[in-house]
Every structure is written in structure tokens, then in C-alpha cells.
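From a predicted model like this one, the values you see are computed outputs, not experimental measurements.
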Amino acid sequence: MTSKAKTAIDDIAGNCLAVRTRIVSRDITRLYDEHLRPLGIRVTQLSVLVAIGAMGDVMPLEIGKKLHLDKSTLSRTLSILRQNGWIDDLVSEDGRSRPVRLSAAGRKLVTKAHPYWKQ
């Protein structure tokens with residue numbers, strides 16, 4: 001390896017805010033997931049449920065924009081939330097759009113998760 005390459009690698013590895021932020025983010029996610037594990041939900045899923053609860057009847061695209069989630073990640077998460085009965089699919093007036101809303105089970109789960117989240 002050239003000394004320029006070594007210098008670049010050492011500089012980025014030791015000083016890159018993006019790398020450090022991603023590491024810290026994964027550690028924080030792991031901590032929340034550990035606390036929420038007894039409820040069978042991950043913090044990433046809880047954040048989507050909370051966004052839906054805050055936004056009301058909402059189009060998935062709007063959830064993705066609010067949480068800065070790509071389409072495939074959001075789609076996978078919404079699929080899990082549907083399978084667990086935590087969200088309801090709605091049909092818009094035009095019949096083409098598919099907004100979602102927090103179901104009664106979803107509201108109950110968020111309420112139950114609140115003390116775990118606070119820990």
C-alpha cells in the first residue's frame with residue numbers, strides 16, 4: 001500500500017463523522033431494540049407506527065418522506081406492521097391510493113411500548 005493510500009485510509013477511518021455517526025446510530029438502535037424485544041417490535045418499526053399515529057390517515061410516500069426512508073425499506077416495514085395487525089389499509093376516494101392508519105392493536109402496542117421506550 002502506498003503511503004498516500006495509508007494516509008487517506010487512516011484519516012477517513014479516524015476522522016470521518018459519517019462513519020462514526022453510523023456506528024453510534026447502530027449502537028443506539030441495538031439498545032432500543034433490546035428494551036423493546038419483550039413486545040416483539042423493533043425501534044425502526046415503532047418509529048413508523050408513531051409517525052403514522054402522528055400523521056393520521058397517510059400515504060406511505062409521505063411516511064417515507066417524513067422519516068427519510070427509501071421505498072423498499074418502508075415497504076418491508078409496512079408489510080410487517082400489516083402482518084401483525086398494527087396498521088390498517090384504507091382505500092382512498094379515487095380507489096387507487098392506499099393510505100394507512102394506526103389500528104386499535106397498533107395504538108395499544110404504542111401505549112404498551114412507551115415505558116419500554118422510556119427506559
**Q** In Å and rounded to the nearest 0.5 Å, what is the CG to CG distance from Leu46 to Leu49?
**A** 6.0 Å

**Q** Could you walk me through whether Thr111 and Lys108 satisfy the side-chain contact (heavy atoms from CB on, under 4.5 Å) test, starting with their C-alpha distance in whole Å, then the side-chain angles of each, then the deciding distance to 0.1 Å, before giving a yes or no?
**A** CA-CA 5 Å; Thr111 303; Lys108 184 177 178 180; 5.7 Å; no

**Q** Mark yes or no for whether Arg20, through its side chain, and Gly14, through its backbone, hold a donor-acceptor pair below 3.5 Å.
**A** yes

**Q** Atom OG in Ser103, atom CD1 in Ile87: separation rounded to 0.5 Å?
**A** 8.0 Å

**Q** Determine whether a donor-acceptor pair (N or O, by modelled atom type, separation under 3.5 Å) exists between the side chain of Thr29 and the backbone of Ser25.
**A** yes

**Q** Answer yes if Tyr32 and Val24 sit in the same cluster of Ile, Leu, Val, Met, Phe, Trp and Tyr residues linked by side chain heavy atoms under 4.5 Å apart, and no otherwise.
**A** yes

**Q** How many angstroms lie between atom CG of Leu31 and atom CD of Glu34, to the nearest 0.5 angstrom?
**A** 6.0 Å

**Q** Just verifying a value: how many Å separate Arg22 CZ and Leu17 CG, rounded to the nearest 0.5 Å?
**A** 12.5 Å

**Q** Decide salt bridge (charged side-chain N to carboxylate O under 4.0 Å, His left out) for Arg101 and Asp57; before the verdict, give the C-alpha distance in whole Å, the side-chain angles of both, and the deciding distance to 0.1 Å.
**A** CA-CA 5 Å; Arg101 84 163 47 131; Asp57 297 356; 2.8 Å; yes

**Q** Looking only at heavy atoms, what is the nearest atom pair of Ala113 and Leu39, with distance?
**A** CA-CD1, 3.4 Å

**Q** Taking all atoms of both residues into account, what is the closest heavy-atom pair of Thr44 and Ser47, and its distance?
**A** O-OG, 2.7 Å

**Q** Please check if Leu36 and Ile28 belong to a single hydrophobic cluster, counting links between Ile, Leu, Val, Met, Phe, Trp and Tyr side chain heavy atoms closer than 4.5 Å.
**A** yes

**Q** Just by modelled atom types, is the Trp86 backbone N or O under 3.5 Å from a matching donor or acceptor in the Asn84 side chain?
**A** no

**Q** Step by step, work out the side-chain contact (heavy atoms from CB on, under 4.5 Å) result for Leu69 and Leu78.
**A** CA-CA 12 Å; Leu69 296 173; Leu78 290 175; over 6 Å; no

**Q** Rounded to the nearest 0.5 Å, what separates atom CD in Gln45 from atom OG1 in Thr77?
**A** 6.5 Å

**Q** Flag the pair Arg42 and Asp33 as a salt bridge only when some basic side-chain nitrogen lies within less than 4.0 angstrom of an acidic carboxylate oxygen.
**A** yes

**Q** Out of curiosity, Arg37 CZ to His35 NE2, how far, rounded to the nearest 0.5 Å?
**A** 10.5 Å

**Q** Are Val48 and Leu90 connected in the hydrophobic side-chain network, where two residues link if heavy atoms are under 4.5 Å apart?
**A** no

**Q** Please tell me whether Val50 and Tyr116 are part of a single hydrophobic cluster in this structure, the criterion being side-chain heavy atoms less than 4.5 Å apart.
**A** yes

**Q** Could you tell me if the side chain of Met59 sits less than 4.5 Å from the side chain of Val100, heavy atoms only?
**A** no

**Q** Looking only at heavy atoms, which two atoms of Gly85 and Ala105 are closest? And how far apart?
**A** O-CB, 3.4 Å

**Q** Could you walk me through whether Asp10 and Thr7 satisfy the side chain to side chain donor-acceptor pair (under 3.5 Å) test, starting with their C-alpha distance in whole Å, then the side-chain angles of each, then the deciding distance to 0.1 Å, before giving a yes or no?
**A** CA-CA 5 Å; Asp10 290 346; Thr7 299; over 6 Å; no

**Q** When clusters are formed by joining ILVMFWY residues with side-chain heavy atoms under 4.5 Å apart, either directly or through shared neighbours, do Ile80 and Ile41 land in the same one?
**A** no

